[in-house]
2 protein chains.
Amino acid sequence: MFNNVLIAEDQDFVNLGIREVLQNLEIEKITHSQYCDEAYLKLKRAALDNKPFDLLICDLNFKADHRNEKIESGEALASLLKKEIPDLKIIINTVEEHPNIVKRVWNSGIADAYVIKDRNGFKSLETAIKKLTINDKYLAPSIEGILSKSNVIELSDYELELLKYVSKGYSQEEIHQVFKNYKISPNSKSSIEKKLKELRELFEAKTNPHLITVLKDLQII
Amino acid sequence: MFNNVLIAEDQDFVNLGIREVLQNLEIEKITHSQYCDEAYLKLKRAALDNKPFDLLICDLNFKADHRNEKIESGEALASLLKKEIPDLKIIINTVEEHPNIVKRVWNSGIADAYVIKDRNGFKSLETAIKKLTINDKYLAPSIEGILSKSNVIELSDYELELLKYVSKGYSQEEIHQVFKNYKISPNSKSSIEKKLKELRELFEAKTNPHLITVLKDLQII
DNA sequence: CTCAGATTTGCGGAAAACCGTAAGAGTTTA
DNA sequence: TAAACTCTTACGGTTTTCCGCAAATCTGAG
């Protein structure tokens, strides 16, 4: 079982809740941090002092603040730490269920467990910790399906770039120019038109404003 | 001081956190509910039994579930209760800081306090409860500015309706037809064009897709 | 290398959106 | 009631987007 745990979580209500889970499991040393940068420093310092933390429980989204943080998200924090302190186990504890994000975070391998803060967050986190002590991974049941299914429409970098310009108010002519300058291909007006038509069909959108709406709702852009 | 409090909150971590605030204030009877419908029934039942709750602490957003709830949001719940049990004090405890939503909820008068679940949620909730015991209202400091300032661009029902159709992929010709049928005025193609142009200028959008992006980002649509 | 297939491009015409102007309808003010 | 003003509509011309076809270019297999 773990006995030196760091919680990186900005909401203090949740902090208290997590603390209670840990106390239930008779984990003694519990530290917490409301900022990513601070969490990072504590973890590094502890490692240098040869009193390393053995578990990080970490939210994904941190609210911006008057402080300006270098590390702005749990994903960035976990990604750094997985490289620098490979022994550290990391649990992502978040409300984020968007397929694209879950998929990205999980497949990047920065997390040993992914827990959803929902009605069963308490039980779920408990299970995750137990799994991790026996070197298992853990994925919240509600998102297990997401990864296996190919229900996530993947867009290429080219398509995302194109959509970015459309959503920022560039005309097709302007996009044509920009792509030509940046040597992004294909960049003919014809190809741009065609690709946009494809995307509209893919997402069953009748017009470009409609397409933007659909993509925003799916959080693809 | 209150002594019979109901917490309506789906995330159980937060539930635990709130519980701790209440215990700190030596409030004895604490009940909680992870669903709006259930919370509503408990409050009504208690009122009928002459053991009414005197405070409701209520989240705004509840995650959908296999159960289908009639009351889907804290706003709907609070709105119902303020009518049916006027004596009940209501604290909205949420992460929702969007000006439009804060403004709507607060100005509707359904809440006696509005607390943001952030880094200082604990302190903030504590303060709110103390204020309410002396019949004061309470608004989280981070959103106080929002209400006074007129930084919230208010759109008319007409404008919102128009934008709804644009975002759903209707052409200007189609919108013209729909508005004529529904006797929404103005409905000439010319007026629709003009209004859209106005909106683009108001939000500094170059194209309609751009306008949709901006409005989505502002959560206006 | 050569041919087949896919991708990219160019182009012309149709449809939709855009824009300014002026006429018409409805309101307010004197 | 008339004049001033605002809001709505009609209309003509321009720009942008949309669409399909065919030529050109690229790619990979034989």
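The sequence lines fix the lettering, A, B, ..., with proteins before strands; numbering per chain opens at 1. Worth knowing before you read on, the calculation uses all heavy atoms, side chains too, and leaves out hydrogens, waters and symmetry mates.
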Would you confirm whether the ring centroid of A/Tyr158 sits within less than 6.0 angstrom of the ring centroid of A/Phe179? yes
Polar-atom pairs under 3.5 Å, protein N or O versus N or O of nucleotides 11-14 of chain D: list them with distances, or write none.
none

Would you indicate whether the side-chain heavy atoms of B/Phe122 and B/Val115 approach each other to under 4.5 Å? no
Would you be so kind as to tabulate the donor-acceptor pairs closer than 3.5 Å made by side chains of residues 89-96 of chain A, with sequence neighbours excluded?
| unit_1 | atom_1 | unit_2 | atom_2 | d |
| --- | --- | --- | --- | --- |
| A/Lys89 | NZ | A/Asn135 | OD1 | 2.8 |
| A/Thr94 | OG1 | A/Glu96 | N | 2.9 |
| A/Glu96 | OE2 | A/His98 | N | 3.2 |

Check B/Lys117 with A/Asp10, please: is the shortest side-chain N to carboxylate O separation under 4.0 Å? no
End-to-end axis angle, where each axis spans five pairs of the helix from C/dC1-D/dG30 to C/dA30-D/dT1, to 10°: 30°
Scan side-chain atoms only and decide if A/Tyr35 and A/Glu72 contain a donor-acceptor pair under the 3.5 Å cut-off. no
What protein N or O atoms touch nucleotides 22-24 of chain D N or O atoms at under 3.5 angstrom, if any, and at what distances?
none

Non-neighbouring partners of B/Lys180 that pass side chain to side chain contact (heavy atoms under 4.5 Å, CB included), sequence neighbours left out: B/His176, B/Gln177, B/Asn187
Across the strands shown, which category fits A/Ser191 at heavy-atom distances under 4.0 angstrom: base, sugar-phosphate, nothing? base
Charged N to carboxylate O under 4.0 angstrom, B/Lys123 versus B/Asp118? no
Give me the first and last nucleotide of DNA chain C, going 5' to 3', that has any atom under 4.0 Å from a heavy atom of chain A. C/dT8 to C/dC11
Could you check A/Thr127 against A/Ser124 for side chain to side chain donor-acceptor pair (under 3.5 Å), going step by step and ending with a plain yes or no? CA-CA 5 Å; A/Thr127 312; A/Ser124 196; 5.9 Å; no
